[in-house]
Amino acid sequence: MEKHWLIKSEPDVFSIDDLAKSKTTHWDGVRNYQARNFIRDEMKIGDKVIFYHSNAEPPAAVGICEIVKEAYPDFSAFDPEDSHYDPKSKKDSPTWFMVDVKFVKKFSAPVSITEIKANKKLQKMNLVQRGNRLSVMPVTKNEFDEIVRMGN
DNA sequence: GCCAACGTTGGC
DNA sequence: GCCAACGTTGGC
């Protein structure tokens, strides 16, 4: 069964436009165990993903991408020069994983966090729960479809 | 720039 | 194994 996800990125670091240009990217740098488990255990090829801009003006869902490669070791954890370097992740037993995502579309209008919070159908989203900091989270098909509808 | 919320670290 | 200190996230 196809799943739906939301991933956050700071547009100053990597935006939906960057993804539109590069077409695909490896989603590296996730260093949270709960998010890691989603990536490693549950993300499957073909799953649809909402691309969300955090620390942005405004913070907003801005487009859609799709999983095109399932979990493999996040090599940025092995590189001491990388800002995401983590010495406890070993090549023979990696701690951190990543997937590859492919650009699907950019919304014609960003769906801001304000609009998301104001939509009754989206009240239960992990994204708008108090104190949530997960950078990778599941969303239901209904929530996914509603955000896509708002963005088009 | 502030700060609440949360995860991680490390001393004990 | 507890928990205080610390670092990070991310909306505002």
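In what follows, every chain begins at residue 1, and chains take the letters A, B, ... in the order their sequences are listed. The structure displayed is predicted, hence computed values, not measured ones. Quick note: numbers below take in every heavy atom, side chains included, and nothing from hydrogens, waters or symmetry partners.
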For this session: May I ask you to check whether over 12 heavy atoms, not counting those of Lys141(A), lie within 6.0 Å of atom NZ?
Result: no
Seminar exercise, completed: Note: for Gly131(A) and Lys88(A) on DNA chain B, the residue whose nearest nucleotide lies more 5' is Gly131(A)
Exercise. Would you say the side-chain atoms of Gln129(A) pair up with the backbone N or O of Gln123(A), donor to acceptor, closer than 3.5 Å?
Worked result: yes
Distances under 3.5 Å between protein N/O atoms and the N/O atoms of nucleotides 10-12 of chain C, please, pair by pair.
unit_1: dG10(C); atom_1: OP1; unit_2: Lys8(A); atom_2: NZ; d: 2.8
unit_1: dG10(C); atom_1: OP1; unit_2: Arg133(A); atom_2: O; d: 3.1
unit_1: dG11(C); atom_1: OP1; unit_2: Tyr52(A); atom_2: OH; d: 2.8
unit_1: dG11(C); atom_1: OP2; unit_2: Asn55(A); atom_2: N; d: 3.1
unit_1: dC12(C); atom_1: OP1; unit_2: Lys117(A); atom_2: NZ; d: 2.6

Problem set entry | Distance in angstrom units between Asn126(A) CG and dC6(B) P, rounded | 11 Å
Exercise. With a 4.5 Å limit on heavy-atom distance, are the side chains of Ile7(A) and Ser135(A) in contact?
Worked result: no
For this session: Grab the CD-C1' distance between Gln129(A) and dA4(B) for me, whole Å please.
Result: 16 Å
Problem set entry | Test item: Met150(A) and Glu115(A) side chains (from C-beta on) under 4.5 Å apart, heavy atoms | yes
For this session: May I have the distance from Tyr33(A) (atom OH) to dT8(B) (atom P), rounded to whole angstrom?
Result: 7 Å
For this session: Starting from C1' on dT8(C), measure out to CG on Asp86(A) and report it in whole angstrom.
Result: 15 Å
Exercise. Should the heavy atoms of other residues, nucleotides or ligands under 6.0 Å from NZ of Lys48(A) be counted, would the total exceed 12?
Worked result: yes
For this session: Please answer whether the main-chain N or O of Asp12(A) pairs with a side-chain N or O of His53(A) as donor and acceptor at a distance below 3.5 Å.
Result: no
